**Q** 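Before I ask anything, let me first share the structure, which is written out below as structure tokens.
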Protein chains: 2
Amino acid sequence: MQQFLEESKKISQEIATLSGETKTKVLNEMADALIEHCDFIISKNDKDMSEATLNGLSDALLDRLLLTGQRVEAMAQAIREIAALKEPVGRTLEGWVTPNGLNIQKVSVPIGVIGIIYESRPNVTSDTAALCFKSGNVCVLKGGKEAEHSNNAIANVLKHVLAKNKLPEQAISLLPDSSREGVAQLIKQDKYVDLIVPRGGEALIRYISQNSTIPVVKHDKGLCHIFIDKDANHSKAIKIAINAKCQRPGVCNAMETLLVHQDVARYILPPLYEAFTANNTQLKGCELTREYIDIQCATQEDYDTEYLANILNIKVVKDVDEAIAHIAKYGSGHSESIISENYSMVTKFLNEVDAACVYANASTRFTDGGAFGLGAEVGISTNKLHSRGPMGINDLTTFKYKIYGNGQIR
Amino acid sequence: MQQFLEESKKISQEIATLSGETKTKVLNEMADALIEHCDFIISKNDKDMSEATLNGLSDALLDRLLLTGQRVEAMAQAIREIAALKEPVGRTLEGWVTPNGLNIQKVSVPIGVIGIIYESRPNVTSDTAALCFKSGNVCVLKGGKEAEHSNNAIANVLKHVLAKNKLPEQAISLLPDSSREGVAQLIKQDKYVDLIVPRGGEALIRYISQNSTIPVVKHDKGLCHIFIDKDANHSKAIKIAINAKCQRPGVCNAMETLLVHQDVARYILPPLYEAFTANNTQLKGCELTREYIDIQCATQEDYDTEYLANILNIKVVKDVDEAIAHIAKYGSGHSESIISENYSMVTKFLNEVDAACVYANASTRFTDGGAFGLGAEVGISTNKLHSRGPMGINDLTTFKYKIYGNGQIR
């Protein structure tokens with residue numbers, strides 16, 4: 001393992017300095033190769049599918065695992081879109097000249113070697129490999145056990161394109177030891193690996209965050225709130241609340257708790273109740289909420305739960321301060337929104353709520369790379385440092401200073 | 001401890017949203033208070049000094065520990081300079097409007113709660129407290145045991161100013177349990193502490209990096225190189241090499257190994273030998289170097305050593321590629337420099353060397369916040385992520401997205 005990662009580190013210098021032209025060409029060839037070897041990939045996926053069926057995986061998981069001709073096309077298309085992204089390496093982020101004439105340029109550079117740990121969906125293999133390659137990084141991929149044959153097939157097709165272009169095949173590789181022990185080893189190799197990105201269940205992410213000696217950018221839970229202020233436009237408020245909860249309840253940027261200003265509770269709760277009921281949302285509420293609408297009681301534990309389902313807590317609050325305090329206590333720092341036409345309340349909420357994305361008068365559902373216009377999404381970071389919120393390809397770079405002198409000494 | 005840090009986290013919201021005006025005013029009052037209570041601080045420092053003398057601390061360490069009237073003035077002056085820095089919070093870093101009209105603003109915000117672990121010099125207490133406060137962060141300081149009375153005195157003076165301004169005193173505080181056990185606990189409290197900055201010996205930094213579950217920005221070792229290319233201007237090369245090694249050998253941005261292109265070795269090594277000898281530098285060299293000048297032999301281990309002393313390795317290399325490979329193997333990613341008038345060689349070196357600061361035709365000694373023009377220095381990060389290279393006060397901020405909508409839903 002150590003020897004393998006040492007080699008990854010070694011080749012990272014070559015990958016880091018490839019021209020944008022080369023990277024684009026190689027990525028487009030990778031897209032072609034996926035389509036060319038579609039039958040091979042699907043035959044390997046069949047193996048995973050039969051083993052998974054034997055192992056009694058749920059229908060939802062089986063569907064995530066399945067590859068079809070159309071899905072392989074979509075993987076190829078995703079690589080083409082990544083190939084077409086603006087070159088992320090070498091952007092000048094800042095630049096200035098010091099009084100003694102040193103010209104300092106802060107420029108974006110690849111991170112180096114990135115370990116990515118993920119589950120089931122085999123398309124993640126080609127997506128993340130392409131994102132890492134485009135940004136000049138070497139990736140070490142650790143997919144789910146259940147997708148092992150599919151992931152191997154995809155990685156082999158991509159590696160073959162690297163070899164054809166006389167590039168080190170190990171630039172895209174699967175972790176040689178894909179057991180738990182292998183992961184445990186990987187996350188301690190800070191000499192060779194620069195970043196770990198875990199994508200998966202809460203337990204996996206917690207284990208990695210607690211044990212990694214390498215920086216981790218995590219995609220943790222999303223416990224998002226919307227606060228309907230007393231000066232909210234009611235029709236906007238209802239439309240946004242419904243969208244944030246019901247359009248896709250199983251995702252991290254969906255709302256889990258709706259906070260309502262006490263002065264408008266009596267007016268807005270009944271129409272909200274009607275709209276949510278029409279959307280089959282299961283509602284739970286605080287004592288005050290239940291004075292206006294007849295719903296279940298919400299417990300402290302409910303406020304702490306990321307339902308990932310069409311269930312919503314409603315809580316009446318005294319004012320914006322109580323809303324902000326509730327969010328500080330229960331929020332996960334992901335996405336929070338205020339619905340209000342009042343300038344000072346909006347400003348206060350945007351300034352004081354500590355989250356990656358703080359909205360005024362919009363649905364929390366916009367927290368993603370595509371909606372932000374960042375192009376292909378790497379993930380949504382719940383870290384506070386390095387990356388925060390929707391991550392585009394630029395988030396797979398760091399920076400260095402280039403300093404142009406003319407004989408300066410101190 | 002946990003209860004204490006929970007409180008730090010709680011008050012961090014209040015500190016994060018203080019106006020620049022308030023922060024400047026409070027900091028200037030802190031500077032005044034240090035001078036007003038100078039005698040009190042020095043009397044507490046006397047205690048540390050006598051204990052340290054009894055414990056047999058070296059003269060160098062005693063000098064680092066000592067506070068005098070002049071040194072307390074300097075601490076006050078440093079706070080005034082930090083007070084005068086441009087407001088680091090609320091800078092718009094990027095901003096754009098999405099096709100559906102969401103106005104997305106990426107703005108700088110405080111990190112939250114920062115734990116700083118440092119040794120001996122008591123002025124670090126007031127410097128870092130002021131830097132954290134100016135950037136809207138709560139700090140938890142863990143100074144050296146030997147400076148305990150001094151640090152307590154300084155922190156109490158600063159806390160008193162906070163209290164006078166009706167601000168939570170705990171915004172600037174010393175870790176309640178300053179034992180090793182206390183540090184071990186601190187670095188696991190990722191729920192309440194957002195960043196750990198260790199400043200000190202290699203062992204301390206390694207221990208913290210390996211065991212912290214909180215992101216760490218470390219100030220690690222500096223093993224810096226200069227490469228004299230075949231197209232170097234010789235007088236610039238000699239001037240820069242001498243400066244990088246001899247001006248202050250004990251610091252992290254001093255040069256440890258000089259790489260010389262084989263084509264110019266015979267011409268430049270003799271005058272370099274003369275110049276270094278005049279500066280009392282102890283020289284060690286590779287076999288080829290020793291064909292031209294009569295010096296000790298350099299071992300593999302020497303190339304791996306951060307001397308922090310007036311000792312230098314010299315190695316003759318075949319070309320820029322061998323220089324870059326040597327730096328990749330032995331460098332610590334801190335500061336590296338090429339001396340060359342050749343455009344392509346300079347470009348290649350600046351692009352391919354992976355370090356925080358890569359120079360052309362200048363001394364590596366410029367890697368610091370002051371020389372970069374960043375104002376008061378937080379440290380020099382050898383991290384690759386979050387911060388890299390000289391850290392100014394802006395590096396004590398992260399960002400969030402503020403999104404201004406008008407009823408948008410997905």
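Since the model is a prediction, treat every value here as computed from it, not as a measurement. Below, read A as the first sequence line, B as the second, and so on, with proteins coming before strands; counting in each chain starts at 1.
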**Q** Side chain from CB out, backbone as N, CA, C, O: work out which of these in A/Asn100 comes under 4.5 Å of a heavy atom of chain B, or both, or neither.
**A** side chain
**Q** State the CG-CE distance between A/Leu396 and A/Met391, to the nearest 0.5 angstrom.
**A** 5.5 Å
**Q** Of the listed residues (B/Ala237, B/Ala360, B/Pro99), which shares the most heavy-atom pairs with chain A below a 4.5 Å separation?
**A**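 Top count of heavy-atom pairs under 4.5 Å with chain A: B/Ala360.
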**Q** Can you tell me how far apart CZ (A/Arg388) and OG1 (A/Thr382) are? Round to the nearest 0.5 Å.
**A**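 Rounded to the nearest 0.5 Å, the CZ-OG1 separation comes out at 10.0 Å.
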**Q** Rounded to the nearest 0.5 Å, how far apart are OH of A/Tyr192 and OG of A/Ser8?
**A** 11.0 Å
**Q** Counting C-beta onward and ignoring hydrogens, is there a side-chain heavy-atom pair between A/Asn279 and A/Ile242 closer than 4.5 Å?
**A**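 In short, these two side chains touch, coming nearer than 4.5 Å.
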**Q** At a 4.5 Å cut-off on heavy atoms, which part of B/Ala356 comes close to chain A: side chain, backbone, both, or neither?
**A**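 The backbone, not the side chain.
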**Q** Can a donor-acceptor pair be found, under 3.5 Å and without considering hydrogens, that links the side chain of B/Asn243 to the backbone of B/Arg365?
**A** no
**Q** Please look at B/Asp395 and chain A and tell me whether the side chain, the backbone, both or neither of the residue comes under 4.5 angstrom of a heavy atom of that chain.
**A**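 The answer is neither part of B/Asp395.
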**Q** Which heavy-atom pair separates B/Cys357 from B/Pro390 by the least distance, and what is that distance?
**A** SG-CD, 3.8 Å
**Q** Evaluate A/Asp304 against A/Lys329 for salt bridge (charged side-chain N to carboxylate O under 4.0 Å, His left out), listing each step before the verdict.
**A** CA-CA 9 Å; A/Asp304 232 345; A/Lys329 186 163 177 195; over 6 Å; no
**Q** Where along residues 336-350 of chain A does a heavy atom come under 4.5 Å of chain B, listed by residue number?
**A** A/Leu350
**Q** Nearest 0.5 Å please: distance from the NE2 atom of A/His234 over to the NZ atom of A/Lys239.
**A** 14.5 Å
**Q** What part of B/Val217 lies closer than 4.5 angstrom to a heavy atom of chain A: side chain, backbone, both or neither?
**A**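 Contact with chain A is absent: no heavy atom of B/Val217 under 4.5 Å.
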**Q** Looking only at atom types and distance, does a side-chain atom of B/Ser332 sit under 3.5 Å from a main-chain N or O of B/Lys221, one as donor and one as acceptor?
**A**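 Yes, because the side chain of B/Ser332 sits within donor-acceptor range (under 3.5 Å) of the backbone of B/Lys221.
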**Q** Where on B/Ile240 is there a heavy atom nearer than 4.5 Å to chain A: the side chain, the backbone, both, or neither?
**A**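 Both backbone and side chain.
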**Q** With heavy-atom distances below 4.5 Å as the criterion, would you say the side chains of A/Lys218 and A/Ser209 are in contact?
**A**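 Yes. Closest side-chain heavy atoms under 4.5 Å.
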**Q** Which bit of A/Leu374 is near chain B, if near means a heavy-atom gap under 4.5 Å: side chain, backbone, both or neither?
**A**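 Contact with chain B involves the side chain of A/Leu374 alone.
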**Q** Answer with side chain, backbone, both or neither: which region of A/Gln247 has an atom nearer than 4.5 Å to a non-hydrogen atom of chain B?
**A** side chain
**Q** Give, as side chain, backbone, both or neither, the part of B/Gln13 having an atom under 4.5 angstrom from any heavy atom of chain A.
**A** side chain
**Q** Between A/Thr22 (side chain) and A/Leu18 (backbone), is there a donor-acceptor pair under 3.5 Å?
**A**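 Answer holds: no.
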**Q** Can you name the residues of residues 399-410 of chain B that have some heavy atom under 4.5 Å away from a heavy atom in chain A?
**A** B/Phe399, B/Lys400, B/Tyr401, B/Lys402, B/Ile403, B/Tyr404, B/Gly405, B/Asn406, B/Gly407, B/Gln408, B/Ile409, B/Arg410
**Q** How long is the gap from CE on A/Met255 to SG on A/Cys246, to the nearest 0.5 Å?
**A** 7.5 Å
**Q** To the nearest 0.5 Å, how far apart are OG1 in A/Thr367 and NE2 in A/His334?
**A**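 If we round to the nearest 0.5 Å, A/Thr367:OG1 and A/His334:NE2 are 6.0 Å apart.
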**Q** Name the region of A/Ala355, side chain, backbone, both or neither, that has any atom closer than 4.5 Å to a heavy atom of chain B.
**A** backbone
**Q** When heavy-atom pairs shorter than 4.5 Å are enumerated against chain B, which of A/Ile214, A/Thr17, A/Ile104 gives the highest number?
**A** A/Ile104
**Q** Can you say whether A/Val107 sits under 4.5 Å from chain B via the side chain, the backbone, both, or neither, judging by heavy atoms?
**A** neither
**Q** Given that the side chain runs from C-beta out, which part of A/Val109 has a heavy atom under 4.5 Å from chain B: side chain, backbone, both or neither?
**A**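 Side chain only.
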**Q** Identify which of B/Thr364, B/Thr98, B/Asn351 forms the greatest number of heavy-atom pairs closer than 4.5 Å to chain A.
**A** B/Asn351
**Q** Given that the side chain runs from C-beta out, which part of A/Asn383 has a heavy atom under 4.5 Å from chain B: side chain, backbone, both or neither?
**A**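 Neither; nothing under 4.5 Å.
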**Q** With only heavy atoms counted, which part of A/Lys106 is less than 4.5 Å from chain B, the side chain, the backbone, both or neither?
**A** neither
**Q** Can you confirm whether more than 12 heavy atoms, excluding those of B/Lys10, are under 6.0 Å from its NZ atom?
**A** no
**Q** Between B/Trp96 and A/Phe372, is there a donor-acceptor pair closer than 3.5 Å when you use the side chain of the first and the backbone of the second?
**A**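 Indeed, once roles are kept as given, a pair shorter than 3.5 Å links the two residues.
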**Q** I'd like to know which of B/Lys384, B/Lys188, B/Lys236 tops the heavy-atom pair count under 4.5 Å against chain A.
**A** B/Lys384
**Q** Can you see whether A/Thr397 engages A/Arg91 through a side-chain donor-acceptor pair at a distance of less than 3.5 angstrom?
**A** yes
**Q** Measure from the side-chain N and O atoms of B/Ser108 to the backbone N and O of B/Gly90, and report whether any donor-acceptor pair falls under 3.5 Å.
**A**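 A pair under 3.5 Å: yes.
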**Q** Ignoring hydrogens and geometry, is there a side-chain-to-backbone donor-acceptor pair from B/Asp194 to B/Val113 under 3.5 Å?
**A**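 Flag set: sc B/Asp194 to bb B/Val113 pair under 3.5 Å.
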**Q** With only heavy atoms counted, which part of A/Ile324 is less than 4.5 Å from chain B, the side chain, the backbone, both or neither?
**A**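 Just its side chain gets close to chain B.
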